[in-house]
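Okay, structure first, notes after.
Along the sequence shown, residues carry numbers from 1. Reckoned from all heavy atoms, side chains included, excluding hydrogens, waters and symmetry mates.
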Amino acid sequence: MGKPRRTIGEHGIVGDMETAALVARDGTIDYCCWPALDSPTIFADLLDGERGGAFEIEPELDRPRHLQLYIPDTNVLLTRWMAEHGSAEVVDLMPQAEARHRAGDGARCLIRRVTVTSGTVAFTMRCTPRFDYAREVPMAAAVEGGVRFSGRDLSLCLFASVPLDPADGSASARFTLSKGESAWFVLGDAAMACPDDAAVLACIDATTEAWRSWLGRSTYKGRWREQVLRSALTLKLLTSARHGSIAAAATFSLPEAIGSERNWDYRATWIRDASFTVYAFLRLGFVAEAEQFNQWVRGRVMASDDGNPLRILYALDGGAPAAERELAHLAGYADSRPVRIGNAASEQIQLDIFGELLDSAYLSNKYGTAIHHEGWQHVCGLVDHVIAHWNAPDAGIWEMRSAPRHFLHSRVMCWVALDRAIRLAKKRSLPAPLVAWAEARDAIVDDVWTNFRHPEHGYFVQERGGTELDAALLMLPLVRFVSSTDPVWLSTLDAIGAQLCDDGLVYRYRGDDGLEGEEGAFTTCTFWYAECLARAGRLDEAQMILAKGIAYANPLGLFAEETDGRGLPLGNFPQALTHLAFISAAYFLDRQLDPAYRPIWQP
């Protein structure tokens with residue numbers, strides 16, 4: 001009988017804005033890539049409990065209760081074990097660059113500090129890194145203060161305040177602590193020096209202060225503040241401090257349907273998701289993140305030389321994304337094969353990305369630094385591309401792996417690209433062929449209203465000439481393509497509620513997408529739906545849907561990509577798109593519920 005499986009939702013996340021690790025409720029780190037978020041794993045027990053590798057700390061307590069919480073206003077995680085005759089806790093963190101500077105130590109590392117809070121507790125620690133997606137067992141050798149793990153292309157050191165025993169590519173320790181006593185473990189690059197107690201405590205304090213300092217820049221004071229700021233902290237963890245890019249999720253190949261092939265790698269920067277993230281940051285007062293992402297995107301547009309001004313997704317360093325491959329040696333989460341790395345969606349055409357990006361650029365100019373001449377030339381190039389291709393079929397926002405189709409969401413986002421470029425040109429008095437741009441924009445409007453309506457009921461539909469619904473249609477009033485109280489839109493909203501919603505769970509679509517298995521409900525869509533209800537003036541319904549959506553987060557406030565029929569997390573975790581959609585819905589609903597708020601039109 002194998003060991004019990006840790007579920008997706010039973011995890012917290014720590015990171016240093018270069019990589020991240022998942023910490024299970026039992027205190028095990030069972031997922032981590034190193035040195036970057038899109039590097040191979042060093043721990044992948046979450047994807048294969050036999051060979052993936054893990055960093056375990058296990059107290060000898062009788063049937064302990066497991067609790068997790070974040071140190072307030074930080075990404076420093078506290079995991080607790082509570083039993084009748086003893087209790088203990090472990091603090092997990094990765095010091096980000098600012099914290100390392102404050103602590104006077106430039107080494108990147110993962111810190112684990114164990115403290116007994118009552119009684120006397122014996123512990124077993126096992127660190128079994130498995131490099132290169134668990135394809136390599138490193139050599140383990142004792143060094144002063146710890147153990148060195150050496151592989152072909154990677155070497156790490158584990159230092160500890162207790163003696164370590166190296167053996168067979170692992171390190172272990174047994175130790176006992178009484179109330180108030182602590183032990184620490186620090187895993188990092190091989191060049192790292194062995195720290196002492198004072199250095200470890202200094203890193204913990206500096207990391208805590210750095211996160212609180214960042215969060216203190218937020219201007220959000222509304223309802224659901226604790227949940228909104230936890231989402232902001234999560235999005236910040238997925239932002240690359242080195243590059244300014246933003247990952248769609250921290251993980252790969254966690255299934256959208258248990259036992260099926262719906263297992264994808266989201267450790268890359270999708271232009272769509274990252275652009276939405278910028279909008280969320282701006283709403284909360286984090287302007288610097290928007291500026292950094294815009295600089296990163298500018299570099300991608302300037303580097304384009306294949307006739308397409310923008311890829312759908314990029315590696316975090318801005319390079320070409322990894323090709324999609326299967327890791328046949330890994331069993332997969334809950335035996336969900338194949339385990340995939342890389343993403344073949346990078347070869348698709350997804351026309352909606354231009355709308356999301358130019359909407360982000362427009363808002364960044366509104367709330368941040370004005371666009372400069374070279375940046376405007378890039379915008380004009382993107383607009384020319386949209387005008388030339390808006391009437392083409394594509395894979396759509398959901399990255400359908402079937403034949404390209406004419407999706408309404410893609411068509412509307414092409415309209416957004418043109419509309420925001422026109423508004424930006426007028427706002428900044430920038431040179432542009434506004435008449436030609438406006439004609440193309442209006443042609444899209446005519447096409448949508450003529451060709452994307454249900455032949456019997458008249459509401460909007462997923463694709464040209466079709467009859468199926470799509471939760472992506474919820475974006476129509478959010479990007480102001482249609483009034484949130486237009487009768488056709490309200491009919492569409494009601495149809496989505498009747499056909500795609502199930503007690504606050506919202507499914508992306510019901511039709512066949514060419515893949516095996518039925519995926520779960522998409523958590524992002526729950527918050528889009530709540531915001532649409534609020535914009536339609538149905539505030540009581542919106543609050544209820546928002547409350548149910550919040551309940552689908554795990555106890556730490558983290559959202560996975562999807563949920564199953566019981567509301568339990570599925571898919572990659574944590575998912576940026578869900579966190580930013582929640583921020584947007586909470587932000588808008590808070591304003592609508594404020595008796596002092598007077599609505600003013602804003603794009």
query: Step by step, would you call Asn263 with Ser336 a side-chain hydrogen bond (donor to acceptor under 3.5 Å, both in side chains)?
result: CA-CA 8 Å; Asn263 314 312; Ser336 300; 5.0 Å; no
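- The pair Arg538-Glu531 does not meet the salt-bridge criterion, since no charged nitrogen lies less than 4.0 angstrom from a carboxylate oxygen.
- When all heavy atoms of Thr208 and Val76 are compared, the closest pair comes out as OG1-CG2, 3.9 Å.
- In summary, Arg6 and Asp45 engage in a salt bridge, as defined by a charged side-chain N under 4.0 Å from a carboxylate O.
- At least one side-chain heavy atom of Trp296 sits less than 4.5 Å from a side-chain heavy atom of His243.
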query: How far apart are the C-alpha atoms of Asp30 and His11, what are their side-chain angles, what is the distance that settles it, and do they pass the side-chain hydrogen bond (donor to acceptor under 3.5 Å, both in side chains) test?
result: CA-CA 9 Å; Asp30 56 6; His11 290 81; 2.9 Å; yes
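- A distance of 6.0 Å or more separates the ring centres of Phe522 and Phe527.
- Trp214 and Trp211 have perpendicular rings, their planes meeting at more than 60° on a 0 to 90° scale where under 30° would count as parallel.
- Annotation: cation-pi geometry not satisfied between Arg591 and Tyr587 (NZ/CZ under 6.0 angstrom from ring centroid, within 45° of ring axis).
- Side-chain contact check for Arg510 and Gln499: no donor-acceptor pair (N or O, by modelled atom type) lies under 3.5 Å.
- The two residues Ala268 and Leu313 have their closest heavy-atom pair at CB-CD1, 4.0 Å.
- Two residues are said to be in side-chain contact when any heavy atoms from C-beta on lie closer than 4.5 Å; Gln227 and Phe582 meet this criterion.
- Between Phe588 and Arg535 the shortest side-chain heavy-atom distance falls below 4.5 Å.
- No salt bridge links Asp73 with Arg212; every basic N to acidic carboxylate O contact stays at or beyond 4.0 Å.
- Here the closest non-hydrogen pair linking His579 and Gly557 is CE1-O, 3.3 Å.
- Trp270 has its side chain out of reach of Arg311: every pair of non-hydrogen atoms, C-beta onward, lies at least 4.5 Å apart.
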- request: May I have the step-by-step check of side chain to side chain contact (heavy atoms under 4.5 Å, CB included) for His329 and Asp48, ending in yes or no?
  value: CA-CA 9 Å; His329 65 287; Asp48 190 315; over 6 Å; no
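- Between Leu282 and Leu363, some side-chain heavy-atom pair lies under the 4.5 Å cut-off.
- A salt bridge links Arg508 with Glu519: the distance from a Lys NZ or Arg NE/NH1/NH2 to an Asp or Glu carboxylate oxygen falls below 4.0 Å.
- The pair Glu518-Arg262 does not meet the salt-bridge criterion, since no charged nitrogen lies less than 4.0 angstrom from a carboxylate oxygen.
- Here the closest non-hydrogen pair linking Gly12 and Gln68 is N-OE1, 3.7 Å.
- Nearest approach of Ile57 to Pro59, heavy atoms of both residues: O-CD, 3.9 Å.
- Ring centers of Tyr333 and Tyr31: at least 6.0 Å apart, outside the cut-off.
- By the 4.0 Å N-to-carboxylate-O rule, Glu18 lies close enough to Arg108 to be salt-bridged with it.
- Each of Ile13, Val14, Leu78 was evaluated against Asp92; a single residue qualifies, Val14, per the side-chain contact (heavy atoms from CB on, under 4.5 Å) test.
- Ion pairing of Lys236 with Glu289 is present here, as a side-chain N (NZ or NE/NH1/NH2) and a carboxylate O approach within less than 4.0 Å.
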query: side-chain hydrogen bond (donor to acceptor under 3.5 Å, both in side chains) between Gln348 and Gln350: does it pass, once the steps are laid out?
result: CA-CA 6 Å; Gln348 292 181 343; Gln350 297 176 20; 2.8 Å; yes
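- Side-chain contact between Val412 and His409 is absent, with no heavy atoms from C-beta onward closer than 4.5 Å.
- Ile349 CD1: 12 or fewer foreign heavy atoms inside a 6.0 Å radius.
- Separation of the Trp34 and Phe43 ring centroids does not fall under the 6.0 Å cut-off.
- When every heavy atom of Gly571 is checked against every heavy atom of Ala560, the shortest pair comes out as O-CB, 4.4 Å.
- A salt bridge links Glu58 with Arg126: the closest approach of a Lys/Arg side-chain nitrogen to an acidic carboxylate oxygen falls below 4.0 angstrom.
- Here the options are Tyr266, Tyr133, Trp264, the test is ring-ring contact (aromatic ring centres under 6.0 Å, His included), and the partner is Phe252; only Tyr133 passes.
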task: Using the salt bridge (Lys or Arg N to Asp or Glu O under 4.0 Å) rule, take Asp265 and Arg340 through it: C-alpha gap first, then chi angles, then the decisive distance, then the call.
output: CA-CA 6 Å; Asp265 188 348; Arg340 291 188 178 95; over 6 Å; no
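- For the pair Arg135 and Phe131, the cation-pi criterion (under 6.0 Å, within 45° of the ring axis) is not fulfilled.
- The pair Arg113-Glu89 does not count as a salt bridge, with every side-chain nitrogen at least 4.0 angstrom from each carboxylate oxygen.
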Using atom types as modelled, flag every donor-acceptor pair under 3.5 Å from a side chain in residues 470-479 to any protein atom, sequence neighbours excluded.
from: Asp470; atom 1: OD1; to: Trp398; atom 2: NE1; distance (Å): 2.8
from: Asp470; atom 1: OD1; to: Ala472; atom 2: N; distance (Å): 2.8
from: Asp470; atom 1: OD2; to: Gln462; atom 2: NE2; distance (Å): 3.2

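- Using a 30° and 60° split on the angle between ring planes, Phe55 and Phe185 fall in the perpendicular class, above 60°.
- Applying the salt bridge (charged side-chain N to carboxylate O under 4.0 Å, His left out) definition to pairs two or more places apart or across chains, those involving residues 218-231 are Arg223-Asp590.
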task: Check step by step if side-chain hydrogen bond (donor to acceptor under 3.5 Å, both in side chains) holds for Thr7 and Glu10.
output: CA-CA 5 Å; Thr7 63; Glu10 294 177 327; 3.2 Å; yes
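- Two residues are said to be in side-chain contact when any heavy atoms from C-beta on lie closer than 4.5 Å; Phe293 and Ser275 meet this criterion.
- Side-chain N or O atoms of Thr492 include one that pairs as donor or acceptor with a backbone N or O of Phe460 at under 3.5 Å.
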